[in-house]
Amino acid sequence: MAIDRRLFLLGGAGVLLLAGCSTRPERTTVDQWPTDPPEGDVTISWWAGQIASKDGGDLRRQLIAEFQKEHPNIRVRIVSAPSDTDTNRTSLTTQIAAGSPTPDVYLGDVAWPGQFAKNKLATPVNQLVGEDFFEQFPEGLRQAASVDGTYYMFPLYIDESFFLYRQDLLDKHGFQVPRSWEEVKDTAAKLVDTGDVDYGFAFQGDVYEGLTCNVTEFVADAGGSLLNDDLTKPETTSSETKRAFEFMRSLITDGASPRATLTYQEQDTNDAFSGGRAAFLRNWSYAWGIANGPDSAVAGKVGLAARPTFDGMQDHHSTIGGWGNYINPHTQQPAAALTFASWMSSETAQQFLTREGGVLPARSASLVSEDAKRQQRPTYDTAAGITLVPRPTSTAYYPKVSQGVYQNGNSILGGQASVDGGTGAMASAISLALSGEAL
């Protein structure tokens, strides 16, 4: 399925520049918020980019039609958001920070809660729906959608990363599907030696948010994390983080991954894999559709699995991506906005998304439902068994934290910095970001 990769990966790449917005009116307090649906006819605006359907179309109007079956008195007007996530966020922050009551509800990146909460651009919703409402979503998504235990986003859909492989080449040479990173590295090098592919394993290593996603996963595979639990200090000099970087670096130095990895973003890796030049690929769920699409040289020859992990480890990890609905704290239609935003996370909406969507539903039970099984999508079957790992987006300083990760991470992969020196510089950059002093 052709989904714009920017919808998932660029949400934490910019910086909110909201200083000086002293004219912003006070927001509505949660204690004053009506929690029952409105009785009269109401119209609200929903700021949202396209949501892929399973046939490649846009699911927004279908979702609204399903919503209005239950709430016919609430009309929802779509305001199409910019497709570029940074432009999307900048437009929203400018509008809401100035006190605009519209859009009433906006579809936003899972990486936004920390920044939007600090700048009072989103309504805290715990008290409005009850604490147990969010228990229907996976733990990694709950962590990403909340700040210090307070939720600011109603999850709509998620994204996970997967491991794609050339089943035909594995069969040809009698190789098994790799289950550990050590096996990936060994098999990738062997397949390059056969001459069947130019590259072994393709992943994203450019100086951008996608590298932070890869690093987050590899560090989790090694049993570590980029920051401590309360997101107050870096842990990038830990033995687990160093193990992750030593391995990522060795993929390039030992020939399992090309040096071009240092400039690879999602499309580059898709091109390498779907063009038949790479044996293995780490990418998001939409890559499965591309690899089996009409323009792919490897359609019908591809398998999909959870990302491997390191020898001796058990869990298979993925960075959590995705989008959810936020409520404008200045909305003049709070009851309708809450009704609509929360409905999108309901079982009804999530099952509809499971049947008709081209994305992964956010609700845990939807991925293993009968509706999901009938879709016969390997992404659904595999996603349910993956442990989701949030980037440290709950800190308001996440954009600069991420910058410290991907700038120094790229230097380590490229050999400009040693693992010890690069992870130390990364720790310093993250500490500066967390202090609020980074430019």
Problem - Residue list, ring-ring contact (aromatic ring centres under 6.0 Å, His included) with Phe203, at least two apart or on another chain - result: Phe201
Exercise for the section: Give the C-alpha distance, both sets of side-chain angles, the deciding distance and a yes or no for side chain to side chain contact (heavy atoms under 4.5 Å, CB included) between Thr232 and Leu434. Expected result: CA-CA 7 Å; Thr232 57; Leu434 295 174; 5.7 Å; no
Handout entry: NZ or CZ of Arg282 within 45° of Trp284 ring axis and under 6.0 Å
Key = yes
Exercise for the section: Indicate the atoms forming the closest heavy-atom contact of Val389 with Ala220, along with that distance. Expected result: CG2-CB, 3.9 Å
Exercise for the section: Start with the C-alpha distance between Ile64 and Ile78, add both sets of side-chain angles, then the distance that settles side chain to side chain contact (heavy atoms under 4.5 Å, CB included), and finish with yes or no. Expected result: CA-CA 9 Å; Ile64 292 172; Ile78 296 174; 3.5 Å; yes
Problem - Qualifying ring pair (Phe, Tyr, Trp, His ring centres under 6.0 Å) pairs with a residue from residues 361-393, counting only residues at least two apart or across chains - result: none
Practice task
Taking the six-membered ring for Trp and the full ring for Phe, Tyr or His, determine whether the centres of Tyr406 and Tyr208 are under 6.0 Å apart.
Solution key: no
Practice task
In plain terms, say whether Lys69 and Glu66 are close enough for a salt bridge, that is, a side-chain N and a carboxylate O under 4.0 Å apart.
Solution key: yes
Practice task
Any chance you could lay out the salt bridge (charged side-chain N to carboxylate O under 4.0 Å, His left out) test for Lys373 and Glu370, step after step, and finish with the verdict?
Solution key: CA-CA 5 Å; Lys373 293 176 183 177; Glu370 289 302 316; 3.5 Å; yes
Practice task
Kindly say whether Asp86 contributes a backbone atom to a donor-acceptor pair with the side chain of Asp84 at under 3.5 angstrom?
Solution key: yes
Problem - Side chain proximity check, Phe352 to Leu59, heavy atoms < 4.5 angstrom - result: yes
Handout entry: Smallest separation among heavy atoms of Ala122 and Tyr326, with atom names
Key = CB-CD2, 3.8 Å
Completion exercise
side chain to side chain contact (heavy atoms under 4.5 Å, CB included) filter on Asp381, not counting sequence neighbours, yields none
Exercise for the section: Check Ala337 against Asp104 and note the closest heavy-atom contact, atom names and distance. Expected result: CB-O, 4.1 Å
Handout entry: Polar side-chain atom of Ser402 near backbone of Tyr398 as donor-acceptor pair, under 3.5 Å
Key = no
Completion exercise
To the nearest 0.5 Å, atom CD1 of Ile320 lies from atom CZ of Arg142 at 11.5 Å
Exercise for the section: Decide if the gap between the ring center of Phe116 and the ring center of Tyr152 is smaller than 6.0 angstrom. Expected result: no
Problem - side-chain hydrogen bond (donor to acceptor under 3.5 Å, both in side chains) partners for Asp58, two or more places apart - result: Arg60
Exercise for the section: Among residues two or more places apart or on two chains, list those pairs meeting side-chain hydrogen bond (donor to acceptor under 3.5 Å, both in side chains) that have a residue in residues 335-344. Expected result: Glu70-Trp343
Exercise for the section: For Asn292 and Ser296, test the side chains for any donor-to-acceptor distance below 3.5 angstrom and give the result as yes or no. Expected result: no
Practice task
Please examine the side chains of Phe137 and Ile158, heavy atoms only from C-beta on, and report whether any two atoms are closer than 4.5 Å.
Solution key: no
Handout entry: Beyond-backbone contact of Trp181 with Phe218, side-chain heavy atoms, under 4.5 angstrom
Key = yes
Exercise for the section: Mind checking the CE-CG spacing from Met248 to Asp221? Nearest 0.5 Å is all I need. Expected result: 10.0 Å
Exercise for the section: Drop me the distance from Leu128's CG to Thr35's OG1, to the nearest 0.5 angstrom. Expected result: 7.5 Å
Practice task
Kindly write out the residues that satisfy side-chain hydrogen bond (donor to acceptor under 3.5 Å, both in side chains) with Tyr397, not counting sequence neighbours, or none if the list is empty.
Solution key: none
Handout entry: Distance-only donor-acceptor check, side chains Asp159 and Ser285, under 3.5 Å
Key = yes
Practice task
To the nearest 0.5 Å, tell me how far Gln204 CD sits from Thr263 OG1.
Solution key: 11.5 Å
Fill in the blank from the handout: Closest non-hydrogen atoms of Ala117 and Val147, given as atom of the first, atom of the second and distance, are CB-CG2, 4.2 Å
Exercise for the section: Test Leu231 against Val401 for side chain to side chain contact (heavy atoms under 4.5 Å, CB included), laying out the working first. Expected result: CA-CA 10 Å; Leu231 306 183; Val401 169; over 6 Å; no
Quick one: side chains of residues 422-431, donor-acceptor pairs under 3.5 Å with protein atoms, not counting sequence neighbours, listed by atom name and distance.
{"unit_1": "Thr423", "atom_1": "OG1", "unit_2": "Val419", "atom_2": "O", "d": "2.7"}
{"unit_1": "Thr423", "atom_1": "OG1", "unit_2": "Asp420", "atom_2": "O", "d": "3.2"}
{"unit_1": "Ser428", "atom_1": "OG", "unit_2": "Gly424", "atom_2": "O", "d": "3.3"}
{"unit_1": "Ser431", "atom_1": "OG", "unit_2": "Ala427", "atom_2": "O", "d": "3.0"}

Exercise for the section: Output the distance between atom CD (Glu209) and atom CG (Asp109), rounded to the nearest 0.5 Å. Expected result: 8.5 Å
Problem - Trp33 vs Thr123 side-chain heavy atoms within contact, under 4.5 Å - result: yes
Problem - Ionic contact status for Arg249 with Glu246, cut-off 4.0 Å - result: no
Exercise for the section: In sequence, state the C-alpha distance, the side-chain angles, and the governing distance for Phe273 and Asn283, and then conclude on side chain to side chain contact (heavy atoms under 4.5 Å, CB included). Expected result: CA-CA 10 Å; Phe273 187 77; Asn283 213 338; over 6 Å; no
Fill in the blank from the handout: One should read off an interatomic distance between Leu413 CG and Leu251 CG, to the nearest 0.5 angstrom, of 9.0 Å
Fill in the blank from the handout: Only one of Trp112, Tyr106, Trp47 passes side chain to side chain donor-acceptor pair (under 3.5 Å) with Asn88, and that residue is Trp47
Handout entry: Asn325 side chain vs Phe154 backbone, donor-acceptor pair below 3.5 Å
Key = no
Exercise for the section: Using the side-chain hydrogen bond (donor to acceptor under 3.5 Å, both in side chains) rule, collect all pairs that involve residues 348-358, keeping only residues at least two apart or in two chains. Expected result: Gln351-Ser366, Gln351-Ser369, Gln351-Asp371, Arg355-Asp371
Practice task
Output every pair passing ring pair (Phe, Tyr, Trp, His ring centres under 6.0 Å) with a member in residues 69-94, not counting sequence neighbours, ordered by first then second residue.
Solution key: Phe67-His71
Handout entry: Heavy-atom donor-acceptor pair, Ser394 side chain to Gln143 backbone, under 3.5 Å
Key = yes
Problem - Residue pair Tyr264 / Thr269: nearest heavy atoms and the distance that separates them - result: CD2-CG2, 3.6 Å
Problem - Validation row: Ser100, His330 side chains within 4.5 angstrom (heavy atoms) - result: no
Problem - Backbone N/O of His317 and side chain of Arg307: donor-acceptor pair under 3.5 Å - result: yes
Problem - Distance-only side-chain donor-acceptor flag, Ser45 / Thr102, under 3.5 Å - result: no
Completion exercise
When every non-hydrogen atom of Asn73 is compared with those of Pro38, the smallest separation belongs to ND2-O, 2.9 Å
Practice task
Decide yes or no for Leu262 and Ile252: does some side-chain heavy atom of the first lie under 4.5 Å from some side-chain heavy atom of the second?
Solution key: yes
Handout entry: Partners passing side-chain hydrogen bond (donor to acceptor under 3.5 Å, both in side chains) against Asp315 (at least two apart in sequence or in another chain)
Key = none
Problem - ring-ring contact (aromatic ring centres under 6.0 Å, His included) partners for Trp46, two or more places apart - result: Phe340
Practice task
Apply salt bridge (Lys or Arg N to Asp or Glu O under 4.0 Å) to Glu235 and list each qualifying residue two or more places apart in sequence or on a separate chain.
Solution key: none
